[in-house]
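Residue numbering restarts at 1 for every chain, and letters A, B, ... go by the order of the sequence lines. Please read these numbers as outputs of a predicted model, since none were measured by experiment.
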Number of protein chains: 2
Amino acid sequence: MPGEPRSLLHAKRKRTVDAIVETVIYLYTESRRLTKERARAYGLTGPQLTVISILSQLGDLSLSSLSERIKAQNSTVTGIIDRMEREGLVRRERSDEDRRIVLIRLTDKGQTLAREVALEPMEIFRTALDGIPRRDIDELFRVLDLVQARVRELVGETDHEATPKEE
Amino acid sequence: MPGEPRSLLHAKRKRTVDAIVETVIYLYTESRRLTKERARAYGLTGPQLTVISILSQLGDLSLSSLSERIKAQNSTVTGIIDRMEREGLVRRERSDEDRRIVLIRLTDKGQTLAREVALEPMEIFRTALDGIPRRDIDELFRVLDLVQARVRELVGETDHEATPKEE
DNA sequence: GGGCATTCTTTCGTGTGCGAAATATTCGCA
DNA sequence: TGCGAATATTTCGCACACGAAAGAATGCCC
């Protein structure tokens, strides 16, 4: 194959890719920052506000299901719940069916707060998407989904542990 | 305006938005996880590897420009550099022109490591984008850019402090 | 029925990550 | 000159965040 202006094409594409990566980072970090700012108004931290909003929507949850929801390790969530319990926002309650499980439950104080805030994760990001035409949203979804599939493929995606792939 | 099946449209749209948000979170956190995993192989943490790769590409940087690059506060980067200095990966050097400035410089050990790794931030994400057709990449860029603009608009975007808006 | 793998949570050590206050240096300007 | 505002970095206190190991309870299976 003869020489082509390949590097030029690559250069342009690299700029686009850089911009996309930058944008994703921006959206993610800005959303986090805003959640935090919003939480501060109620004397909470970002993760604490998220926990309150999840418990309020889904009811009592075991510590591990909570961890799964907020995509953090159990050991991290233990700490978050410790501090929230100290503040009287949640209570730990041992499950009766399986006494290994700790159920996290909102106290009255926690529920009152929940009603005041009603926050979605990544809220500004969502709000921004509201201002975008339907067709563009669909396009965004379509391509992001392609990218995600590709990442999962590259990563191996056996859940980093679970089911060893058998085909 | 007469009644429309508005809630149905909203429901569908909400699902799409949820999926988009989920995907962005996935891409961001998975990229971070991979960087960290990769760093471990060299006895480094994620941020440390990022610092090495940036310094290696751009040469010596002041602490603040480094903070800007990795989008973290100065106080955070101070800590990262402390530990890297302890490990003999970088040196602090007071600038001669402006003695307020601390220049961060890779040691020989740091440079050797840099040559071994050569990592881009959010690397898998980038790699995944490589497998996506040009037209889709352009679409993704176009719409994400719209979203970003909308977020900036919503946030006020006076740099959270800088130039008080005067129009 | 007793032990052993499994599951759920906590503990521990270390490393970010932030914001406010302290410190050091430079710059503008009266 | 000399002093107060501005800039660059560090210190401090706190809250995540993770992984490895310990602790507690369950379930399986001989």
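Interatomic distance, CG of A:L63 versus CD1 of A:I80, reported as 9.5 Å (0.5 Å rounding). The CG atom of B:L27 lies 9.0 Å from the CD atom of B:E30; values are rounded to the nearest 0.5 Å. Atoms CG and CG, on A:L58 and A:L66 in that order, are 9.5 Å from each other to the nearest 0.5 Å.
In terms of position along DNA chain D, the nucleotide closest to B:V102 lies nearer the 5' end than the nucleotide closest to the other residue of the pair B:V102 and A:Q73. Both A:R100 and A:E87 lie close to DNA chain D; mapped to their nearest nucleotides by heavy-atom distance, the more 5′-ward contact belongs to A:E87. In this structure, A:L103 and B:T45 both approach DNA chain C, and ranking their closest nucleotides by distance from the 5' end singles out A:L103.
Regarding contacts with the backbone of D:dG19, every side-chain N or O of B:R33 stays at 4.0 angstrom or more from both OP1 and OP2. One finds no side-chain N or O of A:R32 lying less than 4.0 angstrom from the OP1 or OP2 phosphate oxygen of C:dC18.
For B:T76, the side-chain atoms get nearest to C:dT16 when compared with the rest of C:dT16, C:dT25, C:dT10. The side chain of B:R40 approaches D:dA20 more closely than any other nucleotide in the set D:dA20, D:dA15, D:dA25. The side chain of A:A72 sits closest to D:dC18 out of C:dC8, C:dG17, D:dC18.
Distance OH (B:Y28) to C1' (C:dG17): 11 Å, rounded to an integer number of Å. Here C:dG17 presents its P atom at 7 Å from CD1 of B:I70, a figure rounded to the nearest Å. Distance, B:R94 CZ to C:dT25 P: 6 Å, rounded to whole Å. Going from atom CZ of B:R83 over to atom C1' of D:dT10 covers 14 Å, rounded to whole Å. In this structure, A:D82 atom CG and D:dA15 atom P are separated by 11 Å, rounded to whole Å. With rounding to whole Å, B:E68 atom CD is found 13 Å from D:dT7 atom P. As rounded to whole Å, 14 Å separates atom P of C:dC18 from atom CD of A:E37. The distance between atom CG of B:L34 and atom C1' of D:dC18, rounded to the nearest whole Å, is 15 Å.
The shortest side-chain heavy-atom distance between B:R92 and B:D82 falls under the 4.5 Å cut-off.
Residue A:S75 is in base contact, counting any heavy-atom pair closer than 4.0 Å across all strands shown. Across all strands shown, A:N74 has heavy atoms under 4.0 Å from base atoms, whether or not it also approaches the sugar-phosphate.
A donor-acceptor pair shorter than 3.5 Å can be found between the side chains of B:Q148 and B:R152.
Applying the 3.5 Å distance criterion, the base of C:dT25 shares no donor-acceptor pair with the side chain of B:R99.
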